[in-house]
Amino acid sequence: MLILLRHGRTAANEAGLLQGRLNQDLDDLGQQQAIDAAAYISAEVGAVDAVVASPLKRAQQTAAAFGSNVETDERFVELSYGIYEGVPHADVPSEVWQTWRNDYSYVPEGGESLAALDDRVRLACADLVERAAHENVVVVSHVSPMKSAVAWALGVDIGISWNCHLDHAAICRIAIRGRRPVLLTFNETA
C-alpha cells in the first residue's frame with residue numbers, strides 16, 4: 001500500500017502563511033502530530049516497509065517518527081509559491097488565486113506551476129507502484145503533492161486540488177491492485 005502522510009504543523013502553518021519551500025521545523029504540536037501519525041499508521045496497516053520523504057525539514061522530521069531509515073525523494077517537495085512564500089494566505093490577491101485555479105500552467109514569479117508539480121509527483125508515484133503492491137510504503141510530503149497523488153490515484157487532473165482539504169499530519173491510503181492505484185482513505189488523522 002502507498003500511504004501518504006502530510007507533515008505536522010509548523011509555526012508558518014499556525015500563522016496562516018503560504019509555506020511552499022520555506023524550510024521550517026515542526027513546532028511542538030507538529031512534533032506530537034508526527035508521533036501520533038506514525039503510531040496510528042503502524043496500528044492500522046501493520047509494519048511499515050519503507051519511508052520516503054520530501055527533503056524539507058518538516059517532512060524529514062515527520063518521517064523520523066517512524067524510527068527507520070528515510071529515503072529522500074525531491075519529487076515530493078512542496079509547490080514553490082515563488083514571491084508568495086511566507087505571505088499570509090489572505091494577502092495573496094484574489095486574482096492570483098483565480099489564475100491558479102483556472103490555469104494549471106500559471107507560474108508565480110520565482111515559483112512553479114501546478115502542472116509541473118503534478119508531472120513530477122505522478123512520475124514519483126508511478127515509480128513506487130511495484131514496491132507499494134507488495135510493501136507498505138509511507139511517503140511524507142506536503143499538501144499539494146499529496147493532492148496530486150490523490151488525483152493520480154483517481155485518474156483525474158490536478159484541478160481536484162481546489163476541491164479537497166488535507167489537515168496537518170493527514171493520511172491518505174492508496175492500494176495498488178494489479179498496477180492500478182485505488183484510493184482507500186482521504187484525510188485520516190490520528
Side-chain angles (χ1 to χ4, degrees), residues 1-68 70-73 75-79 81 88-90 114 117-118 121 124-125 128 131-132 135-154 156 158-176 181-190:
M1 182 175 309
L2 184 59
I3 303 141
L4 308 172
L5 173 59
R6 185 179 177 200
H7 62 81
R9 191 181 79 175
T10 68
N13 293 137
E14 174 64 7
L17 307 179
L18 279 178
Q19 199 163 194
R21 305 269 176 92
L22 296 178
N23 204 10
Q24 295 206 333
D25 291 309
L26 297 176
D27 65 13
D28 290 342
L29 176 61
Q31 291 172 13
Q32 188 59 54
Q33 289 171 327
I35 292 165
D36 292 346
Y40 177 82
I41 289 169
S42 296
E44 288 289 312
V45 303
V48 170
D49 300 299
V51 179
V52 179
S54 154
L56 296 178
K57 287 193 288 189
R58 58 192 185 266
Q60 291 285 320
Q61 291 166 355
T62 302
F66 288 90
S68 60
V70 176
E71 302 170 36
T72 301
D73 189 332
R75 297 174 295 180
F76 286 110
V77 72
E78 180 60 292
L79 180 73
Y81 294 106
H89 289 91
L114 280 173
L117 172 134
D118 194 46
V121 170
C125 289
L128 289 174
R131 283 175 78 182
E135 298 178 353
N136 289 323
V137 179
V138 173
V139 174
V140 183
S141 189
H142 311 270
V143 69
S144 297
M146 282 181 63
K147 288 179 179 182
S148 174
V150 166
W152 165 79
L154 294 174
V156 298
I158 189 65
I160 195 174
S161 66
W162 299 106
N163 301 95
C164 55
H165 170 82
L166 288 168
D167 292 314
H168 297 110
I171 301 158
C172 300
R173 292 189 250 175
I174 300 171
I176 306 299
V182 176
L183 182 66
L184 297 180
T185 66
F186 182 83
N187 201 36
E188 291 178 271
T189 54

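Side-chain atoms are counted along with the backbone in the values below, which use heavy atoms only and exclude waters and symmetry mates. It should be emphasised that the depicted structure is a prediction, and the values quoted were computed from it without experimental measurement. One-based numbering along the sequence shown.
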Sorted by first residue and then second, give each salt bridge (charged side-chain N to carboxylate O under 4.0 Å, His left out) pair with at least one member in residues 165-174; sequence neighbours left out. Glu44-Arg173, Arg173-Glu188
Say whether, by atom type as modelled, one donor and one acceptor occur between the side chain of Gln24 and the main chain of Ala12 under 3.5 angstrom. yes
Check ring-ring contact (aromatic ring centres under 6.0 Å, His included) between Phe76 and all other residues, then give those that pass, not counting sequence neighbours. none
Got Ile3 and Ile171 here, is their nearest side-chain heavy-atom distance under 4.5 Å? yes
Given Glu78 and Arg58, is the salt bridge (charged side-chain N to carboxylate O under 4.0 Å, His left out) satisfied, shown in steps? CA-CA 11 Å; Glu78 180 60 292; Arg58 58 192 185 266; 5.1 Å; no
Is the shortest heavy-atom distance from the side chain of Lys147 to the side chain of Leu166 under 4.5 Å? yes
Just so I know, are the side chains of Thr189 and His168 near enough to count as touching, which here means a heavy-atom distance under 4.5 Å? no
So side-chain hydrogen bond (donor to acceptor under 3.5 Å, both in side chains) across residues 46-57, not counting sequence neighbours, yields Ser54-His142
Are side-chain heavy atoms of Val138 and Val140 found at a separation under 4.5 Å? yes
Rounded at 0.5 Å granularity, tell me how far CG in Leu5 sits from OG in Ser141. 9.5 Å
For a side chain to side chain donor-acceptor pair (under 3.5 Å) check, start with the C-alpha distance between Gln32 and Asp36, then their side-chain angles and the critical distance, and finish with the verdict. CA-CA 6 Å; Gln32 188 59 54; Asp36 292 346; 2.8 Å; yes
Which heavy atom of Ser148 sits nearest to which heavy atom of Leu117, and what is that distance? CB-CD2, 3.8 Å
Report yes if some heavy atom in the side chain of Ile174 is under 4.5 Å from a heavy atom in the side chain of Leu4; otherwise report no. yes
Of all heavy-atom pairs linking Val70 and Ala64, the shortest is CG2-N, 4.4 Å
Residue list, side-chain contact (heavy atoms from CB on, under 4.5 Å) with Ala151, at least two apart or on another chain: Arg122, Val156, Ile160
Among residues two or more places apart or on two chains, list those pairs meeting ring-ring contact (aromatic ring centres under 6.0 Å, His included) that have a residue in residues 31-64. none
With Ser42 via side-chain contact (heavy atoms from CB on, under 4.5 Å) - residues at least two apart: Val48
Test side-chain contact (heavy atoms from CB on, under 4.5 Å) applied to Leu29 - qualifying residues, sequence neighbours left out: Arg9, Asp27, Gln33
Atom CG in Asn23, atom OG1 in Thr10: separation rounded to 0.5 Å? 10.5 Å
Minimum heavy-atom separation for Arg131 and Ala50, please, with both atom names. NH2-CB, 2.9 Å
By side chain to side chain donor-acceptor pair (under 3.5 Å), which residues pair with Thr72, not counting sequence neighbours? Gln60
For Cys125 against Ala149, the heavy-atom pair lying closest together: SG-CB, 3.6 Å
Met1 side, atom CE; Ile176 side, atom CD1 - distance, nearest 0.5 Å: 9.5 Å
Evaluate the side chain to side chain contact (heavy atoms under 4.5 Å, CB included) criterion for residues Met146 and Cys172: first the C-alpha distance (whole Å), next the side-chain angles of each, then the deciding distance (0.1 Å), finally the verdict. CA-CA 8 Å; Met146 282 181 63; Cys172 300; 3.9 Å; yes
By side chain to side chain donor-acceptor pair (under 3.5 Å), which residues pair with Gln61, not counting sequence neighbours? Asp25
What residues, two or more places apart in sequence or in another chain, satisfy salt bridge (charged side-chain N to carboxylate O under 4.0 Å, His left out) together with Arg75? Asp73, Asp127
Taking the side chain as everything from C-beta on, heavy atoms only, tell me whether Tyr81 gets closer than 4.5 Å to Leu79. yes
Closest approach of Val51 to Ser68 (non-hydrogen atoms, all atoms of both residues): CG2-OG, 3.6 Å
Among Asp118, Val121, Val150, find the residue that satisfies the side-chain contact (heavy atoms from CB on, under 4.5 Å) test when tested with Ile158. Asp118
Taking the side chain as C-beta and beyond, is there a heavy-atom pair between Trp152 and Leu2 under 4.5 Å? yes
With heavy-atom distances below 4.5 Å as the criterion, would you say the side chains of His89 and Leu17 are in contact? no
Compare every heavy atom of Ala59 with every heavy atom of Ala53, then report the nearest pair and how far apart it is. CB-O, 4.2 Å
Sequence-distant partners of Ala34, side-chain contact (heavy atoms from CB on, under 4.5 Å), two or more places apart: Leu26, Thr62, Ala65
